[in-house]
Amino acid sequence: MHAPSPIKRRPSRQIHVGSVAVGGDAPIAVQSMTNTNTLDVDATVAQIQQLEKAGADIVRVSVPDMDAAESFGKIKLRVDVPLVADIHFDYKIALRVAELGVDCLRINPGNIGREDRVRAVVSAARDHGIPIRIGVNAGSLEKDLQKKYGEPTPAALVESAMRHIDYLDRLDFQEFKVSVKASDVFMAVAAYRDLATRIEQPLHLGITEAGGLRSGTVKSSIGLGMLLMDGIGDTIRVSLAADPVEEIKVGFDMLKSLRLRAKGINFIACPSCSRQNFDVISTMNQLEERLEDVMTPLDVSVIGCVVNGPGEAKETDIGLTGGSPANLVYIDGKPASKLRNDNLVDDLEQLIREKIRQKQQQQDDMIARSV
Ligand code: SF4
């Protein structure tokens, strides 16, 4: 029910990572990376499937050697979500995963070495319709740039990125996206802002090595939030020292907060206080857990009393306002029914699922009418 996002996105060239469009007017893609051993095909497939279930648009997998490349091929056959192979230095791995159906190569052309090897990788990418992600990281800047700048700086990150881009430009290869990550929010934001003015390709945003679940979420939200507010960013990865599924959840929550993407339930809840007429925190926790499977966008407010309840409920699809002897439920902003505290979570879940069913039906009807 909320208005569309006021953010004006930076125009960018659109590329495709498998079936997922990145850049242009495509929704900002949310991605994560596996942290299993790529040689363990079953474990890696299981983690990719969990990420896919959480809504991941793209998943990256490390491919450190040729054995891992062969595993990658087996993994690729067993999952649906597009896969990016993360490769450093060894061009032969890139050539092999290109044959095995990779959807995007994360490799820095300047690190491949001889020009004929760069040409071979770019030809393979072109032949198989695979884009490349140039990934510059403040922790692994080229030695001469470290010497020139003394320490990682935004200008050093951008200079490094432009060097890698130059390799692709010379081979007239334009199907790429770029990241300039740093663990320092100021450095990453300044580098991305500069890079955004220099190239037309999509940007992959990330604050690298951001930290654990809480600290990394805060750091990533500030850094990526500033860039997304500027309209910069076509795909995001929240780097957390945590279960990668959390990276997907945080990524979507970020985009939902900025109204850049809608997926699943957007909850609005008060922090609760002594005025609450039901246990807001416990209700919220239970609802979030029970409704994790929902992909249909829906705004739901859960507010403990009439101070803010009716106001928030007017802006949501379903709104609960605490009251005594019963709580008031709003549907589409209008008072609809009353719910007592016994069975509150069960009753609310039922109402929310019914609303989702109706929304899906409306969407199906619209599609049927337009065919
Ligand atoms: S909405 Fe009511 S219950 Fe919730 S924090 Fe405000 S005053 Fe307290």
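Start at 1 and go down the list; that is how both ligands and their atoms are numbered. When reading the values below, keep in mind they use all heavy atoms of this one structure, side chains included, and skip hydrogens, waters and symmetry mates.
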| Protein heavy atom at shortest distance from atom 8 (Fe) of ligand 1 | C273 SG, 2.3 Å
| Side chain, backbone, both or neither: which part of C270 comes within less than 4.0 Å of ligand 1 when only heavy atoms are counted? | side chain
| query | Can a cation-pi geometry be assigned to R163 and Y167, taking NZ or CZ under 6.0 Å from the six-membered ring centre and within 45° of the ring axis? | reply | no
| remark: For R275, the ligand 1 atoms with a heavy-atom partner under 4.0 Å come out as 7 (S)
| said: Is C305 close enough to atom 8 (Fe) of ligand 1 that one of its N, O or S atoms comes in under 2.8 Å? | reply: no
| request: Run the salt-bridge test on K263 and D57 with the 4.0 Å N-O cut-off and return the result as yes or no. | output: no
| Protein contact to atom 6 (Fe) of ligand 1 [nearest heavy atom, distance to 0.1 Å] | N308 ND2, 3.8 Å
| task | Heavy-atom contacts with I303 under 4.0 Å: which atoms of ligand 1 show up? List them by number with element. | result | 1 (S)
| note | The answer for which part of S272 has a heavy atom under 4.0 Å from ligand 1 is backbone
| message | Between the side chains of D234 and K177, is the shortest nitrogen-to-carboxylate-oxygen separation below 4.0 Å, so that they form an ion pair? | response | no
| query | Going by atom types alone, do Q31 and H204 pair a side-chain donor with an acceptor below 3.5 Å? | reply | yes
| query | Do we see a donor-acceptor contact under 3.5 Å between the side chains of Q47 and T34? | reply | no
| Quick one: do D90 and K92 make a salt bridge, cutoff under 4.0 Å? | no
